[in-house]
**Student:** 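Structure incoming, see below.
All heavy atoms count here, side chains included; hydrogens, waters and symmetry mates do not.
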Amino acid sequence: MKLNLSILLILATALNAASQTKKPVSYTVANKKVTVYTTAENSDYRISKTESLSFKANNQPFETEPCIFIDPTIKYQTLVGIGGALTDASAETFARLSKKNQQELLTAYYNQDKGIGYTLARTNIASCDFSSGSYTYVQDNDKDLKTFSVAHDEKYKIPLIKQAMAATGGKLPLFVSPWSPPAWMKDNNSLIKGGHLLPAYRQSWANHYVKFIKAYEAMGIPVWGLSVQNEPMAKQIWESCVYTAEEERDFIKNFLGPTLQKSGLASKKLIAWDHNRDQIFQRASTILNDKDAAKYVWGIGFHWYETWTGSGMQFGNVRQVHDAYPDKALIFTEGCKEKYDVNKLTDWTLGERYGYSMINDFNSGTAAWTDWNILLDENGGPNHVGNFCFAPVHADTKNDKLIYTNAYYYMGHFSKFIRPGAKRIGSASSRDKLETTAFLNTDGKLVVVVMNQSDEKINYSLWIKGQAATTTSLPHSIATLVVD
């Protein structure tokens, strides 16, 4: 009798465990339609609704049929957000626009229905290259930061951030990045040309992040996260500061991490690296292999300036960091086309650069993607060192006019449709000329982005679980297909 009771108990435990095991999530396209939104060169299409498709049975496509294969039951990272930087340059240019165009810009970026629905933002702590001049928040040699003040930001930058927040409906996660500590905290006694943070000021500099975050939050601007240092391996003619991987690791674990924690800011998302893909693995492994540093780090940030050729964009490095440290997030923190030329504002490769990077970064495990300046003037600035660049939108301030490059629309094909909380899902293209990624939103809408950088018109099928919907990818186009 005891033996039988024991067997029954074992069986009951096994059945209970089996009932709690998660079953694979099923997905069907039955009764669903596909709405296609397209942006294409040599056309008027700009995130334009171009087609409505239906699914038909197609259990096994032939090799001759180009396909985008989607499996919604295979899930990867969760999207945090997509957005752009609210810099001094963007804010100063914004202030020169008429109220009408200011409202147009805010709607264009932050309204999901009428614009492209940005859900993430970045701003600079003290001055950067995209400021009209260099500035700091403390007076010289004020180790205790008694003179700390963000009054400089109250003229342009803080008003823009607040208006952007309001345009989203009140919520816009913001992360902040320093380009340089004050000159007197550095071994070269300069804001520019690199230099290193002096050991004697490590605690003061850690306290400076806390001062900045609390000052902004006191003015009604919540800060979601922060990076340790913008481009810590760059010795620039503008604000810059060099940290080796070991120096950044030790600053995080001995100063910045503990200081955030002691100051009640442990929930802020701390981002390490914040530089190019080329050295991302070395930096991530040095910091994250140290458990005392890693415990403070939310994720690894990266830029795209390592190269300009597609084959050299080193997405494999991003994927390797994701595979090695799956519990840490990856966030693209900055990118733009450099060397501004007013004659290239209509260059179609501007947008294709964004689309190619975003698709491959997301497919490599990236959870958030942030563009550089949301707005620049007709000269690609203001910029106090002449490092003029492109933005998705430029303002002709002399004629009070907004100029939308195709980069704005290419980014919109992601940000407008793929929302925070969405899960990236299984996606694959049977043709290398069709780049793709796919996400499943929390409301159940499935979003597939397909980009074609070739000169060819390509007929293909969106294939999901034995059902296919056929459409055409135009030359030099990007399309978002929403299954609902």
**Student:** Is a side-chain N or O of Asn373 found less than 3.5 angstrom from the main chain of Leu375, in a donor-acceptor match?
**Tutor:**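 Side chain of Asn373 to backbone of Leu375: no pair is present.
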**Student:** Can you tell which of Asn276, Thr333, Asp278 makes a side-chain hydrogen bond (donor to acceptor under 3.5 Å, both in side chains) with His303?
**Tutor:**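 Result: among Asn276, Thr333, Asp278, Thr333 is the only option passing the side-chain hydrogen bond (donor to acceptor under 3.5 Å, both in side chains) with His303.
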**Student:** Examine Arg424 relative to Tyr76 and say whether NZ or CZ is less than 6.0 Å from the centre of the six-membered ring and inside a 45° cone about the ring axis.
**Tutor:** yes
**Student:** Are the side chain of Glu231 and the backbone of Ser240 linked by a donor-acceptor contact shorter than 3.5 Å?
**Tutor:** no
**Student:** Flag the pair Phe315 / Asn317 as yes when at least one side-chain heavy-atom distance between them is below 4.5 Å, and no otherwise.
**Tutor:** no
**Student:** So if I apply the side-chain contact (heavy atoms from CB on, under 4.5 Å) rule between Lys445 and each of Val482, Thr35, Ile418, Leu440, which one comes out positive?
**Tutor:** Val482
**Student:** Taking C-beta and beyond as the side chain, do Ser473 and Leu434 meet within less than 4.5 Å on heavy atoms?
**Tutor:** yes
**Student:** Counting N and O atoms only, with roles assigned by atom type, does the side chain of His275 sit under 3.5 Å from a partner on the main chain of Met233, one being a donor and the other an acceptor?
**Tutor:**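 Side chain of His275 to backbone of Met233, a donor-acceptor pair under 3.5 Å: yes, one is there.
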**Student:** Test the Arg353-Trp348 pair against the cation-pi criterion, namely NZ or CZ under 6.0 angstrom from the six-membered ring centroid and within 45° of the ring axis.
**Tutor:**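 Not satisfied by the 6.0 Å and 45° rule.
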**Student:** What do the steps show when you test Thr87 against Asn124 for side-chain hydrogen bond (donor to acceptor under 3.5 Å, both in side chains), and what is the final call?
**Tutor:** CA-CA 6 Å; Thr87 59; Asn124 47 298; 5.4 Å; no
**Student:** For a side chain to side chain contact (heavy atoms under 4.5 Å, CB included) check, start with the C-alpha distance between Arg46 and Tyr37, then their side-chain angles and the critical distance, and finish with the verdict.
**Tutor:** CA-CA 8 Å; Arg46 298 295 183 269; Tyr37 300 85; over 6 Å; no
**Student:** Looking only at heavy atoms, which two atoms of Lys171 and Thr168 are closest? And how far apart?
**Tutor:** O-OG1, 2.7 Å
**Student:** So Gln453 and Tyr356, side chain to side chain contact (heavy atoms under 4.5 Å, CB included) or not? Walk me through it.
**Tutor:** CA-CA 9 Å; Gln453 294 186 79; Tyr356 184 72; 3.4 Å; yes
**Student:** Find out whether Leu86 and Ile374 are in side-chain contact, i.e. whether some heavy atom of one side chain is under 4.5 Å from a heavy atom of the other.
**Tutor:** yes
**Student:** Is a side-chain donor or acceptor of Asn101 paired with a backbone partner of Glu104 at a separation under 3.5 angstrom?
**Tutor:** no
**Student:** When the ring centroid of Tyr156 is compared with that of Phe94, is the distance short of 6.0 Å?
**Tutor:**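 They do not qualify: ring centres at least 6.0 Å apart.
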**Student:** Stepwise, does the salt bridge (Lys or Arg N to Asp or Glu O under 4.0 Å) test hold for Lys337 with Asp347?
**Tutor:** CA-CA 11 Å; Lys337 175 71 170 71; Asp347 189 334; over 6 Å; no
**Student:** Short question: side chain of Trp372, backbone of Gly84 - any donor-acceptor pair under 3.5 Å?
**Tutor:** no
**Student:** Taking Asn441 for the side chain and Arg419 for the main chain, is one N or O donor matched with an acceptor at less than 3.5 Å?
**Tutor:** yes
**Student:** Quick check against the 3.5 Å criterion: does Ser429 have a side-chain atom that pairs as donor or acceptor with the backbone of Arg431?
**Tutor:**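 Answer holds: yes.
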**Student:** Kindly confirm or rule out a cation-pi arrangement of Lys268 over Tyr209, judged by NZ or CZ under 6.0 Å from the six-membered ring centre and within 45° of its axis?
**Tutor:**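 Judged by the rule, Lys268 and Tyr209 form no cation-pi pair.
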**Student:** Between the main-chain N or O of Pro392 and the side-chain N or O of Thr405, is there a donor-acceptor pair closer than 3.5 Å?
**Tutor:** yes
**Student:** Look only at the side chain of Thr436 and the backbone of Val450, and say whether a donor-acceptor pair between them is shorter than 3.5 Å.
**Tutor:**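 Checking the backbone N and O of Val450 against the side chain of Thr436, no donor-acceptor pair under 3.5 Å is found.
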**Student:** Sequence neighbours left out, what pairs pass side chain to side chain donor-acceptor pair (under 3.5 Å) with at least one residue falling in residues 385-394?
**Tutor:**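 Applying side chain to side chain donor-acceptor pair (under 3.5 Å) to every pair that reaches into residues 385-394, excluding sequence neighbours, yields Asp129-Asn387.
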**Student:** Would you say that Thr472 contacts Ile458 through its side chain, given a criterion of any heavy-atom pair below 4.5 Å between the two side chains?
**Tutor:** no
**Student:** Are Phe130 and Glu92 packed together at the side-chain level, in the sense that at least one heavy-atom pair is separated by less than 4.5 angstrom?
**Tutor:** no
**Student:** Taking the six-membered ring for Trp and the full ring for Phe, Tyr or His, determine whether the centres of Tyr354 and Trp304 are under 6.0 Å apart.
**Tutor:**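 Centroid distance Tyr354-Trp304: below 6.0 Å, so yes.
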**Student:** Can you tell me if Asp396 uses its side chain to pair, donor with acceptor, with the backbone of Lys398 under 3.5 Å?
**Tutor:**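 Between the backbone of Lys398 and the side chain of Asp396 there is a qualifying donor-acceptor contact (under 3.5 Å).
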**Student:** Check whether any side-chain heavy atom of Tyr408 sits under 4.5 Å from a side-chain heavy atom of Leu350, and report yes or no.
**Tutor:** no
**Student:** Go through Ser98 and Gln102 one step at a time and tell me if the side-chain hydrogen bond (donor to acceptor under 3.5 Å, both in side chains) criterion holds.
**Tutor:** CA-CA 6 Å; Ser98 63; Gln102 287 182 349; over 6 Å; no
**Student:** Could you tell me which residues satisfy side-chain hydrogen bond (donor to acceptor under 3.5 Å, both in side chains) with Ser454, sequence neighbours excluded, listed by chain and number?
**Tutor:**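 For Ser454, the residues satisfying side-chain hydrogen bond (donor to acceptor under 3.5 Å, both in side chains) (neighbours in sequence not counted) are Asn452.
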